[in-house]
Visitor: 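Handing you a structure now.
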Amino acid sequence: MNGALRDAVRERFGTQAVADQELFVQPATSEKFGDLQCNVAMPLARRLGRAPREVAAGLLEGIRWPKCVERVEIAGPGFINIFLSEKWLAGYCARLLQDERCLVPEVGAGRVVVMDYSSPNVAKPMHIGHIRSTVIGSALDRMYRYLGYRVIADNHIGDWGTQFGILILGYRHFVDQEALRRSPVEELERVYAASYAKARTDREWMEQARRELVKLQRADPENLALWSRFVQLSLQEFERIYRRLGVRFDLVRGESYYRDRLSGIVAMLKERGLARESEGAQVVFLEEEGLPPCIVQKRDGGFNYATTDLATIESRIQEFSPQKILYVTDERQQLHFRQIFAIARRVGWNTELVHVWFGLMRLPEGTFSTREGNVIRLELLLDEAERRALEIVRQTSPSMPEDQQEEVARAVGIGAVKYADLSQNPQSTVVFTWDKALSLEGNSAPYLQYTCARIQSVLDKYRETIGPLPSAESLELTHPQERRVAVRLVRFADVVLRSASRYRPNLLADYLSDLAKEYNTFYQNVPFLKSEPGVRESRINLCRATAAVLRRGLTLLGIETPRRI
RNA sequence: GCGCCUGUAGCUCAAUUGGACAGAGCGUCAGCCUCCGGAGCUGAAGGUUGCAGGUUCGAUCCCUGCCAGGCGCACCA
């Protein structure tokens, strides 16, 4: 359809008239304006100095529409309203029902994208601040994979750096082995905090920590063994959380993985005249880009995160030749990545680098920090989510066996936590409250899961009382509400594409809740199991198609859909 | 001081990057047949999109200036 319009524009107004990327058709803003609309006539009219309606009329004259178009109207100042053929809509839903992929095209086939998300620090428990990167990153990961991209999800954990000197020293003096066995990461964090506090007032202690760090960097066996143990303990705990969240990485390469490349990066930057000495450090100046200078080697000869990130890019390009590398981090790193990307461009690395940033998570009383002691551990949040969900499941499904209740509570609770984050614009700041994070009503995961379970139940009932599910071909739209559902099903593929290409899972979440709402209206107001044979089968198929899209959509967001909830 | 972001219904959030009378959920109010799962459905009330200008057929969106808040700005990541 876009093609037909674009061709018509080119033919009548010249090839320069519109850019390739320009959006031509979009969902209509109201159903009285049809199913789709095209607004291209108005900007075009301005450029041509003609009346918009006249341009629209000229555009439509003799245009060769695809067969899905029933009729077209010009309205208002020059809107082109497109009405889809009912028969085509029904046919599309029938095809969607028979297609494993819900007719979502594999636009990413043959393309590679590296994704960098979650990335917690070793020796610190994951807290609620980590959830956005993990959940948003994981949703984008799933969407890109589904679109046919080869995705390499790399958990770039903070496992190297100055903090390990302090930690090793603290470990030697303060560790409580019993506590370490009980709750390893919690204990490591305590040890680190104690050592850090001492270092701030005690110069000698600070100096010792620095020596421990140097020993580690020179591969002293004892310190290396300790470091490696800290990493292992932390990874085990992270893994436990990832399992609960259904998050999986292809690689877990911490910063340490790139440590042997760091001096090479700096040497390369110097050689190309990009880095030069300033105040004892090696610095890349980025005046042309309007950015502040970026330090790539400290005065003491040590490297910092900028160096590591550059080395990481180099390594990823060499190993995977990705078209794109995605970083999902909070907004505070915007400047840092703009610097890194600018340097990468100067070096000549032409992989597309994208910083997908999201707003900070805060508490009502302000920013949280380890030092303030007001962090909320991620595991605690997940526990609470499941607990609240279980309470409700027990109320609403008292006859369900206990282990199934728990299983449902898990899916619902975790789903609610994820959905709370995924359903809003990533870039907005989140003020954390328990009730918001664990919302189980309104526009929430359980509403969508409930809708899926209801459809499942309808299908079960059909098989029980009528027979095997009907052939997928029989699908007709005989009620206006069916049409509303069908129009939305048709949009699914576009929504997935748009949501992925704009790095906005909330666009998909919005769509799913809209679809579920239309379906529930249908469910509530239009009989189907009790309607006449024929119509009944058609409506059952519409239910099935809806379920397929809801399930697929939720899976892309990383949310489970239990058969019953 | 410079830069990035945010400000939308009482509350929590949308709005397909300039489109048609700004939409949902929660809360409030009024309803839903011995009927497929009531975690549901139908309806009502609720708005000067922070403020003031500008650009044009048209602005929550773009430009300028204010106000309020968040974040960042050379050796932490």
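Proteins come first, then strands; the chains are lettered A, B, ... in the order of their sequence lines, and each starts at number 1.
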Visitor: Between residues 406-433 of chain A and RNA chain B, which residues have a heavy-atom gap below 4.0 Å?
Guide: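 Those residues whose heavy atoms fall under 4.0 Å from RNA chain B, taken from residues 406-433 of chain A in numerical order, are A:Q424, A:N425, A:S428.
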Visitor: Quick one: label A:A45 by what it contacts on the DNA or RNA (base, sugar-phosphate, nothing), any heavy atom closer than 4.0 Å.
Guide: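 Touches nothing.
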Visitor: Return the residues of residues 327-337 of chain A meeting this criterion: a heavy atom under 4.0 Å from some atom of RNA chain B. Order them by number, or give none.
Guide: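 Residues of residues 327-337 of chain A that come under 4.0 Å of RNA chain B are, in numerical order, A:E331, A:R332, A:Q333, A:Q334, A:L335.
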Visitor: Roughly how far apart, to the nearest Å, are B:C21 and B:G58 at atom P?
Guide: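 Looking at atom P only, B:C21 and B:G58 are 13 Å apart.
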Visitor: Side chains of A:F522 and A:L542: does their closest heavy-atom pair fall under 4.5 Å?
Guide: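 Heavy-atom side-chain distance check passes, below 4.5 Å.
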Visitor: Once rounded to the nearest 0.5 Å, what's the spacing between atom CG of A:L515 and atom OG1 of A:T546?
Guide: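 Reported to 0.5 Å precision, the distance equals 5.5 Å.
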Visitor: Using heavy atoms to find the nearest nucleotide of RNA chain B for A:N81 and A:I295 separately, return the residue whose nucleotide is more 5′.
Guide: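 Taking each residue's closest nucleotide, the earlier one in sequence belongs to A:N81.
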Visitor: Taking the minimum atom-to-atom distance to the side chain of A:N506, which one of B:A15, B:C36, B:G18 wins?
Guide: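 Of B:A15, B:C36, B:G18, B:A15 is nearest to the side chain of A:N506.
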Visitor: Tell me what A:L291 touches on the nucleic acid: a base, only sugar-phosphate, or nothing, going by heavy atoms under 4.0 Å.
Guide: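 Nothing: the residue A:L291, judged by heavy atoms under 4.0 Å, touches no strand.
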Visitor: Judged by each residue's nearest nucleotide on RNA chain B, which is more toward the 5′ side, A:M42 or A:V458?
Guide: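 Per heavy-atom nearest nucleotide, the more 5' residue is A:M42.
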Visitor: Once you apply a heavy-atom cut-off of 4.0 Å, does A:A306 come out as touching a base, just sugar-phosphate, or nothing?
Guide: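 Result for A:A306 = nothing.
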Visitor: Under 4.0 Å, counting only non-hydrogen atoms across every strand here, what does A:S278 touch: a base, just sugar-phosphate, or nothing?
Guide: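 Base: the residue A:S278, judged by heavy atoms under 4.0 Å, touches a nucleobase.
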Visitor: To the nearest 0.5 angstrom, please state how far the SG atom of A:C543 sits from the CZ atom of A:R454.
Guide: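 Reported to 0.5 Å precision, the distance equals 10.5 Å.
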Visitor: Testing the 3.5 Å rule here: is there a donor-acceptor pair between the side chains of A:N304 and A:T307?
Guide: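 Distance-only check passes for A:N304 and A:T307.
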Visitor: Mind calculating the distance between CZ (A:R362) and P (B:C5) to the nearest angstrom?
Guide: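 The distance from CZ of A:R362 to P of B:C5 comes to 18 Å, rounded to the nearest Å.
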Visitor: Roughly, in whole Å, what's the span from CD in A:Q339 to P in B:A77?
Guide: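 It is 14 Å, rounded to the nearest whole Å.
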Visitor: Is A:Y192 close enough to B:C76 that one of its side-chain N or O atoms is under 4.0 Å from OP1 or OP2 there?
Guide: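 False: A:Y192 side-chain N/O out of range (4.0 Å or more) of B:C76 OP1/OP2.
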Visitor: Cut-off 3.5 Å, no hydrogens considered: what does the side-chain donor-acceptor table look like for residues 492-500 of chain A, sequence neighbours left out?
Guide:
residue : atom : partner : partner atom : Å
A:S499  : OG   : A:R504  : O            : 2.7

Visitor: Heavy atoms under 4.0 Å, any strand shown: does A:E255 hit a base, just sugar-phosphate, or nothing?
Guide: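 Sugar-phosphate, no base atom in range.
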Visitor: Within a 6.0 Å radius of atom CZ on A:R276, are there more than 12 heavy atoms belonging to other residues, nucleotides or ligands?
Guide: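 No, because the 6.0 Å sphere around CZ of A:R276 holds 12 heavy atoms or fewer from other groups.
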Visitor: Measuring to OP1 and OP2 of B:U42, would you say a side-chain N or O of A:T521 lies under 4.0 angstrom away?
Guide: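 Yes, because at least one side-chain N or O of A:T521 sits under 4.0 Å from OP1 or OP2 of B:U42.
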Visitor: Do the side-chain N and O atoms of A:Q456 and A:R551 include a donor-acceptor pair separated by under 3.5 angstrom?
Guide: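 Note: A:Q456 and A:R551 side chains meet the donor-acceptor criterion.
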Visitor: One pair to check against side chain to side chain donor-acceptor pair (under 3.5 Å): A:Y419 and A:N443. What are the steps and the verdict?
Guide: CA-CA 9 Å; A:Y419 192 86; A:N443 181 9; 2.7 Å; yes
Visitor: Does A:R332 have any salt bridge (Lys or Arg N to Asp or Glu O under 4.0 Å) partners at least two apart in sequence or in another chain, and if so, which?
Guide: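 A:R332 satisfies salt bridge (Lys or Arg N to Asp or Glu O under 4.0 Å) with A:D330 once adjacent residues are dropped.
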Visitor: Check the chi torsion on B:U17 and let me know: syn if it falls within 90° of 0, anti if not.
Guide: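 It is syn.
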Visitor: Under the criterion of centre distance below 5.5 Å and interplanar angle below 30°, is A:Y305 classified as stacked on the base of B:C76?
Guide: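 No, A:Y305 does not stack on the base of B:C76, since the centre distance and plane angle fail the 5.5 Å and 30° test.
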Visitor: What integer number of Å spans the P atoms of B:G25 and B:U42?
Guide: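 Roughly 9 Å separates the two P atoms.
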Visitor: Take atom C1' in B:A15 and the same atom in B:G7, then report the distance between them in whole Å.
Guide: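 It works out to 16 Å between them.
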Visitor: Of the candidate nucleotides B:A77, B:C57, B:C36, which contains the atom at the shortest distance from the side chain of A:N304?
Guide: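 Ranking B:A77, B:C57, B:C36 by closest atom to the A:N304 side chain puts B:A77 first.
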Visitor: Is there a side-chain contact between A:R564 and A:V408 (heavy atoms, below 4.5 Å)?
Guide: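 With C-beta onward as the side chain, the pair stays apart.
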Visitor: Using purine N1 to pyrimidine N3 plus N6-O4 or O6-N4 for Watson-Crick, or N1-O2 and O6-N3 for G-U wobble, each under 3.5 Å, what pairs with B:G58?
Guide: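 With both distances under 3.5 Å required, B:G58 matches none.
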Visitor: Check this one for me: any side-chain N or O of A:K461 less than 4.0 Å away from OP1 or OP2 of B:G37?
Guide: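 Affirmative; the distance criterion is met.
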Visitor: Under 5.5 Å between ring centres and under 30° between planes: does that hold for A:F79 against the base of B:G19?
Guide: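 Not stacked: fails the 5.5 Å / 30° test.
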Visitor: Mind listing the residues from residues 493-504 of chain A sitting with a heavy atom below 4.0 Å of RNA chain B? Number order is fine.
Guide: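 The stretch gives A:R498, A:R502, A:R504 as the residues lying under 4.0 Å from the strand, ordered by number.
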Visitor: Looking at A:E518 and A:R484, is any side-chain nitrogen of the basic one under 4.0 Å from a carboxylate oxygen of the acidic one?
Guide: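 Judged by the 4.0 Å cut-off on N to carboxylate O distance, A:R484 and A:E518 do not form a salt bridge.
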Visitor: Is there a ring pair (Phe, Tyr, Trp, His ring centres under 6.0 Å) between A:F79 and A:F33 once you walk through the steps?
Guide: CA-CA 9 Å; A:F79 296 102; A:F33 300 136; 7.3 Å; no
Visitor: Do we count A:F33 as stacking onto B:A20 if the rule is ring centres under 5.5 Å and planes under 30°?
Guide: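 So yes, this residue stacks on that base, both cut-offs being met.
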Visitor: A:Q26 side chain: which of B:G18, B:G25, B:U16 is closest?
Guide: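 So the side chain of A:Q26 is nearest to B:U16.
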Visitor: For residues 426-436 of chain A, run the donor-acceptor check on the side chains, cut-off 3.5 Å, and write out each pair with its distance to 0.1 Å, sequence neighbours left out.
Guide:
residue : atom : partner : partner atom : Å
A:S428  : OG   : A:Q424  : OE1          : 3.2
A:S428  : OG   : A:N425  : O            : 2.8
A:T433  : OG1  : A:K436  : N            : 3.2
A:D435  : OD1  : A:R388  : NH1          : 2.9
A:K436  : NZ   : A:V431  : O            : 2.7

Visitor: Figure out the CZ/P separation between A:R394 and B:A39, and round it to whole Å.
Guide: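 After rounding, the reported distance stands at 18 Å.
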Visitor: Report the distance from atom CD1 of A:I559 to atom P of B:A39, rounded to the nearest whole Å.
Guide: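 It works out to 20 Å between those atoms.
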Visitor: Taking atom C1' in both B:G54 and B:G70, what distance in whole Å separates the two?
Guide: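 Taking atom C1' in both B:G54 and B:G70, they lie 28 Å apart.
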Visitor: Once you round it to whole Å, what is the distance between P of B:G37 and CG of A:L448?
Guide: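 After rounding, the reported distance stands at 19 Å.
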Visitor: Both distances under 3.5 Å, Watson-Crick or G-U wobble: report the partner of B:A22, or none.
Guide: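 WC or wobble partner does not exist here.
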Visitor: Over how many whole Å does the gap from A:N525 atom CG to B:G31 atom P extend?
Guide: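 Between P of B:G31 and CG of A:N525: 19 Å.
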Visitor: Answer with base, sugar-phosphate or nothing: what part of the nucleic acid does A:Y462 contact at a heavy-atom distance below 4.0 Å?
Guide: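 Touches nothing.
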Visitor: Would you name the heavy atoms of A:A445 and A:A416 that are closest together and state the gap between them?
Guide: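 It is CB-N, 3.7 Å.
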Visitor: Rounding to an integer number of Å, can you tell me how far A:M361 CE sits from B:U12 C1'?
Guide: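 Rounded to whole Å, this separation is 15 Å.
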Visitor: Using the P atom as the reference point in each nucleotide, state the distance between B:G50 and B:C13 in Å, no decimals.
Guide: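 After rounding to an integer number of Å, I get 15 Å for this pair.
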Visitor: Could you tell me which nucleotide pairs with B:A44 by Watson-Crick or G-U wobble geometry, both distances under 3.5 Å, or answer none if nothing does?
Guide: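 Base-paired to B:U28.
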Visitor: Between B:A14 and B:A22, how many Å separate the two C1' atoms, rounded to a whole number?
Guide: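 Roughly 10 Å separates the two C1' atoms.
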Visitor: A:L542 has an atom CG; how far is it from atom P of B:C36, in whole Å?
Guide: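 Between P of B:C36 and CG of A:L542: 20 Å.
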Visitor: Provide the Watson-Crick or G-U wobble partner of B:G65, both distances under 3.5 Å; none if there is no partner.
Guide: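 Because both required distances fall under 3.5 Å, B:G65 counts as paired with B:C51.
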Visitor: Reckon A:E279 touches a base, only the sugar-phosphate, or nothing at all at heavy-atom distances under 4.0 Å?
Guide: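 Counting heavy atoms under 4.0 Å across all strands, the contact made by A:E279 includes a base.
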Visitor: Provide the Watson-Crick or G-U wobble partner of B:G37, both distances under 3.5 Å; none if there is no partner.
Guide: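 Result: none.
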Visitor: Is A:Q524 reaching over with its side chain to a backbone N or O of A:T521, donor-acceptor style, under 3.5 angstrom?
Guide: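 Judged by distance alone, no pair lies under 3.5 Å.
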Visitor: OP1 or OP2 of B:C13 sitting under 4.0 Å from any side-chain N/O of A:K436?
Guide: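 Affirmative; the distance criterion is met.
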Visitor: Salt bridge or not between A:R410 and A:E406? Use side-chain N to carboxylate O under 4.0 Å.
Guide: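 Salt bridge: no.
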